[in-house]
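In listed order, ligands and their atoms are each counted from 1.
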Amino acid sequence: MWDCHCHLADSAWDNLPERLDQARRQGIHGWLSCATDIDSWERQKQVAQLPGVLIAQGLHPWWAHSGNPQSIAKLSAALPGAVAMGECGLDFYRAPDEQSRQQQTQLLRQQLVLARQWGLPVVLHCVRAHSALLHELEAYPELGVMVHGFLGSIQEARQWLRRGAYLSLGPHALSRADLMKHLPLDRVLVESDAPSRGSSLLDVLAVARAWKQHQPLQDDHFEANLCRFLGIPQKDLGRRAP
Ligand SMILES: [Zn+2]
């Protein structure tokens with residue numbers, strides 16, 4: 001089983017290799033670790049050395065205010081070795097005023113341009129901004145996208161599915177039987193988002209377990225979908241895991 005979205009470069013981890021070993025003993029073999037702020041990019045490169053860890057590099061919309069003209073050049077320099085761009089996106093709950101929304105949108109656009117240049121799929125954070133984010137992506141029909149921690153309505157899910165997106169459910173979707181029943185098995189991913197909001201790497205297991213009560217879902221579905229999203233053959237994903 002792969003954890004398709006977490007933050008292994010977070011400074012909150014103590015003894016990460018031991019945490020990963022503990023997760024392996026529970027059947028979790030791989031992690032897509034996503035960047036958050038500018039400081040995380042270097043640490044992301046370090047965690048990419050750990051067995052079973054792939055990384056995405058990007059600037060999260062919560063840190064849009066910390067972006068400056070140099071940050072996109074710096075991000076571009078941090079991309080070698082990354083398999084995706086992210087996490088990036090729009091969070092209009094955190095940006096109630098027009099100016100901060102513009103700031104987030106500007107940063108997102110710069111990252112979409114980079115993703116196109118580097119041929120990378122994009123890991124998206126989307127809170128109360130589904131229409132705006134879908135609109136921004138219209139100019140990039142070739143980009144693979146996943147919406148992480150999806151908590152939108154079925155209606156919004158359908159819009160994303162029409163766009164070709166993969167939808168990843170995390171611990172906050174445990175009560176969302178509607179999504180677990182209706183999302184198509186060839187587009188779903190599962191994540192812990194650890195250590196965000198106090199979640200643990202093992203939380204991905206509870207989400208998968210809950211989901212399997214609603215659909216004939218296998219761990220293989222998540223791995224196959226992750227590979228299609230990343231554009232890498234499934235045998236290569238296996239090779240990156242221990
Ligand atoms: Zn996250």
Side-chain angles (χ1 to χ4, degrees), residues 1-13 16 19-20 23 28 30-48 50 52-67 75 78-79 82-95 104 107-108 111-112 115 120-130 133 137 144-152 156-157 160 165-174 176 179 188-208 222 225-226 229-230:
M1 150 107 65
W2 269 70
D3 182 347
C4 304
H5 181 100
C6 56
H7 300 283
L8 300 184
D10 195 287
S11 51
W13 293 113
L16 183 63
R19 301 287 186 124
L20 298 184
I28 305 162
W31 299 267
L32 176 58
S33 177
C34 298
T36 49
D37 60 359
I38 296 172
D39 291 342
S40 69
W41 300 341
E42 227 16 75
R43 292 196 302 272
Q44 280 278 88
K45 287 185 177 177
Q46 289 160 20
V47 298
L50 296 168
V53 177
L54 299 178
I55 59 161
Q57 295 282 42
L59 192 50
H60 194 292
W62 291 357
W63 283 275
H65 58 274
S66 69
L75 173 58
L79 285 176
V83 295
M85 171 71 68
E87 115 179 50
C88 55
L90 297 174
D91 188 330
F92 286 175
Y93 180 68
R94 292 282 191 115
Q104 286 191 6
L107 177 69
L108 170 70
Q111 293 185 87
L112 292 177
L120 292 174
V122 182
V123 178
L124 295 170
H125 173 104
C126 179
V127 176
R128 297 194 188 174
H130 292 280
L133 192 45
L137 288 163
V145 298
M146 87 174 241
V147 184
H148 106 84
F150 187 81
L151 284 173
E156 286 160 339
W160 281 108
Y166 293 84
L167 301 178
S168 179
L169 299 194
H172 295 275
L174 273 173
R176 293 295 305 275
L179 293 175
V188 296
L189 299 169
V190 72
E191 65 176 65
S192 68
D193 203 12
S196 280
R197 296 186 278 190
S199 54
S200 120
L201 288 173
L202 302 182
D203 287 350
V204 71
L205 299 169
V207 183
F222 301 124
N225 296 342
L226 181 64
F229 162 65
L230 295 174

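Rounding to 10°, one obtains 90° for the angle at the Zn ion (ligand 1) between OD1 (Asp193) and NE2 (His7).
Coordination check, His125 versus the Zn ion (ligand 1): failed, since every N/O/S atom of the residue sits at 2.8 Å or beyond.
Glu87 contributes atom OE1 as its closest N/O/S atom to the Zn ion (ligand 1).
Using a 4.5 Å cut-off on side-chain heavy atoms (C-beta onward), Phe150 and Arg176 make no contact. Side chains of Met85 and Leu75 form a contact here, defined as non-hydrogen atoms less than 4.5 Å apart.
Under 3.5 Å, the side chains of Ser33 and Gln44 contain a donor-acceptor pair of N or O atoms.
Between His7 and His5, the ring planes are perpendicular. Angles over 60° get that label, and only those under 30° would be called parallel.
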